[in-house]
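Shown next, in structure tokens, is the structure this report addresses.
Just so it is clear, the values below take in all heavy atoms, side chains as well, and ignore hydrogens, waters and symmetry mates.
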Amino acid sequence: PSALSLEGSAGISTSYLWRGAELGTGGSPAFWADASGSAAGVTYGVWVTSGDSQTEYDLYADYSGSMGDIGYSIGYVDYNYADEMVDDDFEETYVGLSFGPASVTVYDNSDADTQYTVVGYDAGAFSIAYGDDDAAGSHTDVTYAINDSLSLTVSDSDQADELIVVGSYSISF
């Protein structure tokens with residue numbers, strides 16, 4: 001049997017940026033925390049935030065591995081919102097492939113019959129991601145990791161009239 005590991009992290013961002021959209025009231029900070037475990041290639045956990053004008057918690061599970069130089073991941077995310085007046089809860093499954101610093105992941109929301117595809121590339125402290133959502137348009141994010149805890153992201157989206165800039169600070173425990 002493989003060893004079980006438990007991890008956690010917490011952080012704050014200048015706003016809640018999700019798939020090129022700034023959620024909540026523009027520029028309001030988002031606080032978040034994550035607790036996860038893993039065993040035998042499976043990672044599972046819960047992620048909680050206060051970032052889009054209400055409490056959100058997401059449950060997730062992911063199976064990842066590699067075959068030679070090609071990495072893969074298959075997963076599930078259950079998005080839940082505390083506001084009982086709004087039924088925005090939904091679920092997605094995803095599949096991802098990577099080769100070196102390049103990756104592509106496709107998310108499927110079967111309830112809404114929509115897909116979100118993101119193509120990424122990591123180059124040292126910089127990463128770039130292009131995401132396309134067949135329901136909401138596309139976005140490009142460029143992130144610079146200043147160190148292991150502090151990062152800066154600039155997002156250009158079809159959904160916004162101007163660039164969105166988000167600073168994030170996180171700690172692991």
Side-chain angles (χ1 to χ4, degrees), residues 8-36 43-62 64 73-96 98 103-122 126-146 149-172:
S9 60
I12 183 171
S13 296
T14 55
S15 65
Y16 185 170
L17 180 66
W18 192 70
R19 297 184 181 173
E22 189 173 32
L23 302 182
T25 49
S28 62
F31 299 94
W32 57 269
D34 175 75
S36 64
T43 301
Y44 50 88
V46 62
W47 182 82
V48 179
T49 187
S50 64
D52 67 356
S53 303
Q54 64 179 338
T55 300
E56 171 188 346
Y57 71 94
D58 304 339
L59 305 173
Y60 60 88
D62 175 272
S64 297
S73 63
I74 300 166
Y76 167 82
V77 184
D78 180 15
Y79 302 91
N80 299 277
Y81 301 90
D83 188 346
E84 294 176 9
M85 302 300 290
V86 180
D87 187 22
D88 288 337
D89 298 356
F90 67 100
E91 301 170 353
E92 288 182 317
T93 56
Y94 64 86
V95 61
S98 64
S103 64
V104 62
T105 305
V106 177
Y107 295 81
D108 182 57
N109 179 342
S110 58
D111 291 338
D113 196 29
T114 60
Q115 285 189 335
Y116 171 70
T117 302
V118 63
V119 177
Y121 188 83
D122 293 329
F126 285 93
S127 64
I128 186 166
Y130 173 79
D132 185 56
D133 185 320
D134 31 330
S138 64
H139 68 93
T140 302
D141 295 347
V142 176
T143 300
Y144 176 68
I146 298 165
S149 297
L150 188 61
S151 65
L152 182 64
T153 299
V154 177
S155 183
D156 185 16
S157 170
D158 293 348
Q159 301 174 40
D161 294 333
E162 56 192 40
L163 293 176
I164 300 169
V165 179
V166 176
S168 299
Y169 180 79
S170 64
I171 56 170
S172 297

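With sequence neighbours excluded, the residues forming a ring-ring contact (aromatic ring centres under 6.0 Å, His included) with Y144 are F126, listed by chain and number.
Looking at heavy atoms from C-beta onward, W47 lies in side-chain contact with E56 at the 4.5 angstrom threshold.
Nearest approach of A61 to Y94, heavy atoms of both residues: O-OH, 4.1 Å. Heavy-atom minimum distance, Y16 versus T49: CE1-CG2, 3.8 Å.
Judged by distance alone, the side chain of D132 and the main-chain N or O of T117 form no donor-acceptor pair under 3.5 Å. At distances below 3.5 Å, not a single donor-acceptor pair connects side-chain atoms of Q159 with backbone N or O atoms of G20. T14 places a side-chain N or O within 3.5 Å of a backbone atom of G167 that can act as its donor or acceptor partner. Between the S138 side chain and the G131 main chain, no donor and acceptor come within less than 3.5 Å of each other. Not one N or O on the side chain of S50 forms a donor-acceptor pair closer than 3.5 Å with the backbone of T55.
In this structure, CG on D158 lies 8.5 Å from OG1 on T140, to the nearest 0.5 angstrom. Here CG of N80 is found 4.5 Å from CG of D89. Values are rounded to the nearest 0.5 Å. Expressed to the nearest 0.5 Å, how far OG of S28 lies from CD of E22 amounts to 7.5 Å. The distance from atom OH of Y76 to atom CG of D62, rounded to the nearest 0.5 Å, is 14.0 Å. Taken from CZ in F90 to CG in D58, the straight-line distance is 8.0 Å, to the nearest 0.5 Å. A distance of 11.5 Å separates OG in S151 from OH in Y169, rounded to the nearest 0.5 Å.
For the residue pair S168 / S13, a side-chain donor-acceptor distance below 3.5 Å is found, with atom types taken as modelled.
Other residues, nucleotides and ligands place no more than 12 heavy atoms under 6.0 Å from the OH atom of Y57.
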### Message
Would Y79 and Y60 count as a side chain to side chain contact (heavy atoms under 4.5 Å, CB included) here? Give the steps.
### Response
CA-CA 9 Å; Y79 302 91; Y60 60 88; over 6 Å; no
Output a table of donor-acceptor pairs, distance under 3.5 Å, between side-chain atoms of residues 105-115 and any protein atom two or more places apart or on a different chain; print 'none' if there are none.
residue: N109; atom: OD1; partner: D111; partner atom: N; Å: 3.2
residue: N109; atom: OD1; partner: A112; partner atom: N; Å: 3.1

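Between V154 and the choices V165, V166, D141, the side chain to side chain contact (heavy atoms under 4.5 Å, CB included) rule is met once, by V165.
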